[in-house]
Protein chains: 2
Amino acid sequence: MVIVDIHTHIYPPTFVSLLRSRTTVPYIRAFPDAPDSSRLIILPGEDDPATPSTSRGRPVGPQYWDIVEKIAFMDTHKIDVSVISLANPWLDFLPAHEAGEAARRINDDVDGLCARYPGRLYAFGTLPLSAPAETVVAEVERLAGMKHMRGIIMGTSGLGQGLDDPALDPIYAALERHGQVVFLHPHYGLPASVYGPRASEYGHVLPLALGFPLETTIAVTRMLLSGVWDRFRNLQVLIAHSGGTLPFLAGRIESCIEHDGHLKGEGKLEGRRSVWDVLQKNIYLDAVIYSEVGLKAAVDASGPDRLLFGTDHPFFPPLEDEAKEWTSVNTNYQAIKVGFSGDEKSVHDVLGNNAVRILKLDGIHS
Amino acid sequence: MVIVDIHTHIYPPTFVSLLRSRTTVPYIRAFPDAPDSSRLIILPGEDDPATPSTSRGRPVGPQYWDIVEKIAFMDTHKIDVSVISLANPWLDFLPAHEAGEAARRINDDVDGLCARYPGRLYAFGTLPLSAPAETVVAEVERLAGMKHMRGIIMGTSGLGQGLDDPALDPIYAALERHGQVVFLHPHYGLPASVYGPRASEYGHVLPLALGFPLETTIAVTRMLLSGVWDRFRNLQVLIAHSGGTLPFLAGRIESCIEHDGHLKGEGKLEGRRSVWDVLQKNIYLDAVIYSEVGLKAAVDASGPDRLLFGTDHPFFPPLEDEAKEWTSVNTNYQAIKVGFSGDEKSVHDVLGNNAVRILKLDGIHS
């Protein structure tokens, strides 16, 4: 049995330097009342001085940037291979003229980290999405030839107007042409107003537990509605956190489309691919869902051959200093074992075989 | 076998008059380019003159207010009993001094409609939530004594600050004391910005398919985090659209709570009830989810004895004029039959027996 973690993030040294050099979100900083604690601030408002110190971003340390820590984490949790990816917000925030060079430097950096542990590390590359489309396409082409790269990771803003923006078509075309998997990952969440006036009392729970998957669901539904998968029928997208909430809401989305008088009037209901068809042919889901209820819905929606184990490392570490294994990781292991109880083949497929096959992890055998 | 529809809305004549008398959302109006078509405008921006005519609110007719049409719909779809409820946005928009009287008038009106069809109609009452808390509590007490009332329907804004507002405690206490089920239903959706610049091209799909269930999920998670069910351990809440996305995200919510440094620091992790415990003891889900994938997740989360059939009538009518049966209704019937394939007892429980037991529909026998 081989275990592959396809949802595991890295802040390579070049990216950490960039974040430390900044003074607005996203950035890494200390606060005057805790000068020895570096905090990673990636969500708007997390650096508000009125925020309780325990809610200001998150403590950041070597687990974020030291590849030795990643390998140790993998060993502790019996993970054979990790497909690492830059964490959010990637390079979305860079000015256009800096993005191309930053992406090349960071992708080289990440590929170099993989080279240090042959057979144990692969990666999803990062695109310079604030640069002109031709710069982005050039990086897609370059990544396709890099030894450890197996696709790209991308947020939900695209070129700034969302993933249903027709200006993304040349980029989708390049990704499809090179058979590169798009790892779609949230970052922006939802406007703070939706969490109400007491949100800060709940720590990070509302933006993390809900903002991320709800953002993801909206992004992928916009892709569906704009016909991305009608134009790029072989584009493969791996959706973080088991699709946000797409498996659960697919029926409602499909029903709302079929009952929409405007879409019907525009002739948009004819010849369209259903949400279910796209789920079963173009979408992969990770198994980062923390319950067998969600896991089973993900499998029912996409099939056991399209679900892939992940950890979300280095996020969701144990709160207890002495803990060795991570509860967040074991909860997802457990969901797979209980969800597929009595079906060892599917357990093995989800834990590793699907990733080996889909991402062409050459030389890895179960 | 008895079939009970617990998610079915009515705009009684008193409410329709109120909506026709208004000139801002929510209201009923015609547009100059289609003077013969009354449109119900309930979501912000649906009346924007730049909106294509087919996306301006929704056509409204006797199915919204004529109880004879409701009974005909029930007969067509073999529904024995309906538990009707005022549709969104209820009375949320009324000035404080008008709300109490309007609620009494509308609740009397709805109770009177039920009286016309003995044994076939029950109702969830409406609360005057913009009025002072004592006015709301008085209406809860009054509803508890009305012949056909079996609980109340409520949106996510509460007294204007959300359902995690401690000012709601006297109202939750009154509802718990009288064993009245709260039917929690969305209305406000999400800020339009999250749907991006091309949202109007997609008709109503994004706000209806996603805005509603995501709003619901946020509201119920805020209730969980604020400890509503720790203070009111017998408060029973029926959540529309199978819980929004709560069944799918329950694992992630639970994991984010257990990994939150701020909540731990505040001592809020000790003695708390888990999301799963609340799901299985305090939450009922309707089966308005349009797929067996979602239906199974709802059952896995709450149990087959807590799931109740619904239609969402008069919304999601067929687009074809000649259609007799509604696809939206049959999709939900089908999901129950396929989801519980081989388990006739659960099919009967979800279609009607659960509602008869939970809502004490006296004199109805399967």
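All chains are named by letter (A, B, ...) in the order of the sequence lines, taking the proteins before the strands, and each is independently numbered beginning at 1. Worth saying up front: this structure is predicted, and the values here are computed from it rather than measured. Just so it is clear, the values below take in all heavy atoms, side chains as well, and ignore hydrogens, waters and symmetry mates.
- Between A:Ala209 and B:Ile253, the shortest heavy-atom distance links the atoms CB-CA, 3.8 Å.
- Using a 4.5 Å heavy-atom threshold, the side chains of B:Asp300 and A:Glu292 count as separate.
- Closest non-hydrogen pair, A:Val293 versus B:Ala297, comes out as CG1-O, 3.4 Å.
- The shortest heavy-atom contact between B:Ile218 and A:Tyr195 is CG2-CD2, 4.3 Å.
- Looking at B:Leu263, the atoms closer than 4.5 Å to chain A (heavy atoms on both sides) all sit in the side chain, from C-beta outward.
- The closest side-chain heavy-atom distance from B:Glu266 to A:Glu201 is not below 4.5 Å.
- Between B:Pro191 and A:Val194, the shortest heavy-atom contact is CD-CG1, 3.4 Å.
- Within the model, atoms CG of A:Leu206 and CG of B:Asp164 stand 8.0 Å from one another, a figure rounded to the nearest 0.5 Å.
- Contact check for B:Pro213 versus A:Arg252: side-chain heavy atoms found under the 4.5 Å cut-off.
- Of the listed residues (A:Ser226, A:Gly211, A:Ala219, A:Ala199), the greatest number of heavy-atom pairs within a distance under 4.5 Å of chain B belongs to A:Ser226.
- When heavy atoms are compared at a cutoff of 4.5 Å, B:Ser200 approaches chain A solely by way of its backbone atoms N, CA, C and O.
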Side-chain atoms of residues 241-249 of chain A: list all donor-acceptor pairs with protein atoms under 3.5 Å, sequence neighbours left out, distances to 0.1 Å.
from, atom 1, to, atom 2, distance (Å)
A:His241, NE2, A:Asp312, OD2, 3.4
A:Ser242, OG, A:Asp286, O, 2.6
A:Thr245, OG1, A:Thr217, OG1, 2.9

Could you go through A:Thr327 and B:His259, starting from their C-alpha distance and side-chain angles, then the distance that decides it, and tell me whether this counts as side-chain contact (heavy atoms from CB on, under 4.5 Å)? CA-CA 9 Å; A:Thr327 301; B:His259 284 87; 4.1 Å; yes

Please determine whether side-chain contact (heavy atoms from CB on, under 4.5 Å) holds for the pair B:Cys256 and A:Phe316, giving the CA-CA distance in whole Å, both sets of side-chain angles, and the decisive distance to 0.1 Å. CA-CA 8 Å; B:Cys256 284; A:Phe316 305 105; 3.7 Å; yes

Just do the side-chain contact (heavy atoms from CB on, under 4.5 Å) check on A:Thr331 and B:Glu258 with the steps written out, would you? CA-CA 12 Å; A:Thr331 302; B:Glu258 285 294 317; over 6 Å; no

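- Interface remark: B:Pro59 contributes no atoms to any contact with chain A (heavy atom separation under 4.5 Å).
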Full working for side-chain contact (heavy atoms from CB on, under 4.5 Å) between B:His262 and A:Arg56: CA-CA 9 Å; B:His262 176 71; A:Arg56 284 186 209 139; over 6 Å; no

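- Between chain B and the options A:Leu210, A:Val299, A:Ile257, heavy-atom pairs under 4.5 Å are most frequent for A:Leu210.
- Heavy-atom distances place the side chain of B:Phe212, and not its backbone, under 4.5 Å from chain A.
- Put simply, CZ on B:Arg198 and CG on A:Leu225 are 11.5 Å apart, with the number rounded to the nearest 0.5 Å.
- Residues B:Arg222 and A:Pro197 come closest through the heavy atom pair NH2-CD, 3.9 Å.
- Residues A:Thr221 and B:Tyr202 fail the side-chain proximity criterion, which asks for heavy atoms closer than 4.5 Å.
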